[in-house]
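Working notes for the structure below.
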Amino acid sequence: MSEKIVLIDGHSILNRAFYGLPDLTNAEGLHTNAIYGFLTILFKTLEEENAQYLTVAFDEHAPTFRHNMYEAYKGTRKPMPQELREQVPIIRDVLEAMGVTIVSREGYEADDILGTLARKGEAAGMEVTVLSGDRDLLQLATEHVKIRIPKTRGGKTTVEDYDGRGVLEAYQLTPPQIIELKALMGDSSDNIPGIPGVGEKTATKILLEYGTIENAYAHVEEIKPNKAKESLKEHYDLAKLSKELATICTDCPLDYSFEEARLKDLFTQEAYEWFKELEFKNLLNRFENTSSKNKAEEHFQRVTDLSQADAFLSKAKKADRAGVHLLLEKGEVLGLGVALGEKEKIEAAFFPVEGFLTERYLLEQLEGICRGAGQTASLNVKEMLSRIQIEEHSRMFDGGIAAYLLNPLKSAYTYDDIAKEYLGLMVPAREDLLGKVSYKKGLEEKEEEVTVSCCYMAYVALAGIEPLTKALEETGMLSLFREMEMPLLFTLHDMEAAGIQVEGEELKEYGSRLEVRIKELESIIYQKAGEEFNINSPKQLGVILFEKMQLPGGKKTKTGYSTAADVLDKLAPDHSVVADILEYRQLTKLKSTYADGLANYIGEDGRIHSNFNQTITATGRISSTEPNLQNIPVRMELGRLIRKVFVPREGCIFLDADYSQIELRVLAHMSGDEKLIQAYSEAQDIHRMTASQVFHVPFDQVTDLQRRNAKAVNFGIVYGISSFGLSQDLSITRKEAAQYIENYFETYPKIKGFLDGLVKQGKEQGYVTTLFGRRRPVPELKSSNFMQRSFGERVAMNAPIQGTAADIIKIAMIRVNEALKERKLETKLILQVHDELLLEVYEEELEEVSRILEKEMKQAADLAVSLEIDMHTGRNWYEAK
DNA sequence: TCAATCACG
DNA sequence: ACGTACGTGATTGAT
């Protein structure tokens, strides 16, 4: 069998990968999607081709011989976006690290190098595979030279293969004729001029008839479409030039030997370091020797023996530092991981719930560690609190929260991620070890893997203390971590544990009432539409409304017609069926998400215990899940009624307090704008005051419209103002919106400077900060894409405001919760909705609690404007708001 | 698993 | 010129 060589068109494949794959960055913000895609295609090709030789060709920046022939050549080519450009030198380094031969030569393009090597290989009796995204290469195809063109669509890559025969089948032309084809039809991306008025169809027809451009010209009078005949007559010289330009050089002077290009082991130590740096975890699996095991794993053990467990755990209780992980799944305790020691000498043990190691025993031991060890670290302290009590809050260290503060943009803070980022260690993720198998199942089938995974969690928690603390210190977030986020974790746990009582029966009734009307609407809609269809399917609904019923309103989404509420709102007055659909949507939303949805979460205690997540949002807010209690309807009366089923327990009453325009007040403070600060000290109604000042009318003569507009501008400012956004919101022209904004900035001169400053800061530092030092990275500001960059600008303006407001209510929550405990009050904080706190108050405590709540909320931060709250009591959440 | 929709601040 | 308001989570239908 003859040997085989794979030749790769470097830039072309990099390009394909870049545009075919979603954006991807590593911890340093380096874009990596093109590199990743390139390597994936490379490995896949090598696997499939089973080749002995490999060479990658790159273009050089310098002009090529083609430029000398034709000055416009590649003259107007679009510049490479920065996100791609920065990846070019990296892929060359990575390939070098893998020992791959790279060829490039000034004066020639990669195509020419590939052409030359392909012919050389063929001459040496090899099979040649050329990998490129560029169809120009097809001219090289022969019996022994195969062109592979990968296509990436939506992350999936398919490859088209062409040998000489394949080209003929696909194009009806021989490979050399591909040159003629390109010369005739031109190629705008390469600035090959081509013949005006001749496209692929005509060009192919001409070539089928006459073979070459020269022969066609010899018979030019016979050429059929008159347009093509005249064009070829007139532009024959151009065609000949194009042909030369399009012809790939197959005899470039190259200093090249096949022996050097012989494939060796690609997975070198150097390459391993690169992949680690680039965070190509999937690719790292290919390293057999290097990745086999971390040294750490040599000190992992599974312990089931009681005396052995006792020995290890009593050491833990006396340790300066311990790392722990309570293995919980669906509320069931499956085991405990504990790590002890320092640096290379860390040892970790996994104790499954089994035999003498009962759940109770392990929980007691865990409590003992948290009490005894100088510092106890875990990647999820809050989760442990559902099973154990911790008195000394300040001894705990939550590595997950620390990692979140350091980069709040990540979707998860898993042990393998934290290990990679802060310990410089590649460790197998839960998924790598167990795949989709649950820990519970894993305990039976994959004992070893569960042990490793759980030990790593304890290990990373422990080993992470130092680097994470250092990083927090360096970023100025250590006190934010220690004094806000760590204490908050305990407050959130208390809220989760408290839960909120929900009247199941009444919720059911509410659902039934909705159901009646839903059924009515359903038949009315079917009748008006003239057929039955799934009203909940935007796709089907779009067809019914905009095709069958011919309602005005074109496409909007990428998949078809938009049927979103703001589109339908405009149609509703003229088409009763649209109004019915809107009502139907509203009711089914209420039923499925709230009536039925919430009912599923009512526990045996008659209460709903939502999760309050502390490490989700980019700005520092908390989020609520399973169920989300932060989006219970309130704006529409019908939905608001749901709040009547949220009730306080026997002997209690609800006390609800929400901050009045906290974000605008934060803006006033942070910007230092005297006029806005003054406005707050004078007026109850800030929107009216804004309207009065912006539109230059006396306060008490502000019209409703003016007030509404001013309110929208206020919102817009907080969101990172844009005239487009405001114009959409107010249904006015962009020009008018721009005028409003200009007036606003004139009225409050420091606001503009402040917002511009935030954007500038974001650009310079790569992040923006809240009043309390919380950071939000804004990588989008560096994007070459206008839309993304604009988004980054809005984010830079919004995050410090939204984030500072989030900080403030967090402080209030911690203090309220602590005050309640200190005074031995039974009242509990049960919900937070961004600017609102809901407390379940024992009636006899109401007066005292009201005072505490008001004081702690108002004094949570000392701003240039006062913090004001609205406070209400009620027998249910509906009444208390 | 993703896109569309809609509930909240 | 580009085409958008900021931050979330749950449900549904389509792939």
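Letters A, B, ... mirror the listed sequences (proteins, then strands); counts begin at 1. Quick caveat: nothing in here was measured; it's all calculated off a predicted structure. Atom set for the values below is all heavy atoms of this structure, side chains included, hydrogens, waters and symmetry mates excluded.
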Report task. Starting at the 5' end of DNA chain C, write a dot or bracket for each base, bracketing those in Watson-Crick or G-U wobble pairs whose two distances are under 3.5 Å and using | for partners on another strand. Result -> .....|||||||||.
Ionic contact status for [Y] with [X], cut-off 4.0 Å:
{"X": "A:Lys644", "Y": "A:Glu503", "value": "no"}
{"X": "A:Lys760", "Y": "A:Asp756", "value": "no"}
{"X": "A:Glu485", "Y": "A:Lys810", "value": "yes"}
{"X": "A:Arg621", "Y": "A:Glu663", "value": "yes"}

Query - A:Leu571 to A:Pro552 - nearest heavy-atom pair and separation - result: CD2-O, 3.4 Å
Query raised in the report: Shortest non-hydrogen contact from A:Asn876 to A:Arg643?
Result: CB-O, 3.9 Å
Query raised in the report: How far does CD1 of A:Ile581 sit from CG of A:Leu521, to the nearest 0.5 angstrom?
Result: 10.0 Å
Report summary line: So CD1 of A:Ile518 and CD of A:Glu522: to nearest 0.5 Å the spacing works out to 8.5 Å
Quickly work out the [X] [atom1] to [N] [atom2] distance and round it to whole Å.
{"X": "A:Leu831", "N": "B:dC8", "atom1": "CG", "atom2": "P", "value": "15 Å"}
{"X": "A:Gln586", "N": "B:dC8", "atom1": "CD", "atom2": "C1'", "value": "14 Å"}
{"X": "A:Asp566", "N": "B:dA7", "atom1": "CG", "atom2": "P", "value": "12 Å"}
{"X": "A:Tyr878", "N": "B:dC8", "atom1": "OH", "atom2": "C1'", "value": "17 Å"}

Report summary line: Nucleotide by nucleotide, nucleotides 2-8 of chain C touches protein heavy atoms under 4.0 Å in the pattern (B base, S sugar-phosphate only, - none) BBBBBBS
**Report entry** Donor-acceptor side-chain pairing of A:Glu780 and A:Ser783 below 3.5 angstrom
**Finding:** no
**Report entry** Exercise: do A:Glu547 and A:Tyr561 side chains pair donor with acceptor under 3.5 Å
**Finding:** yes
Query raised in the report: When you look at CZ of A:Phe754, are more than 12 heavy atoms from neighbouring residues, nucleotides or ligands closer to it than 6.0 Å?
Result: yes
Requested in this report: Please work out if A:Thr588 contacts a base, only the sugar-phosphate, or nothing of the nucleic acid, heavy-atom cut-off 4.0 Å.
Outcome: nothing
Report task. Identify whether any heavy atom of A:Ala799 sits under 4.0 Å from a base atom; if not, whether one sits that close to sugar-phosphate; answer base, sugar-phosphate or nothing. Result -> nothing
Report summary line: Of the listed B:dA7, C:dT11, B:dC8, the closest approach to the A:Arg635 side chain comes from B:dC8
Query raised in the report: Which nucleotide sits closest to the side chain of A:Thr625: B:dG9, B:dT5, C:dG9?
Result: C:dG9
Query - Residues touching DNA chain C, which here means a heavy atom under 4.0 Å, drawn from residues 531-544 of chain A - result: A:Asn534, A:Asn536, A:Ser537, A:Lys539, A:Gln540
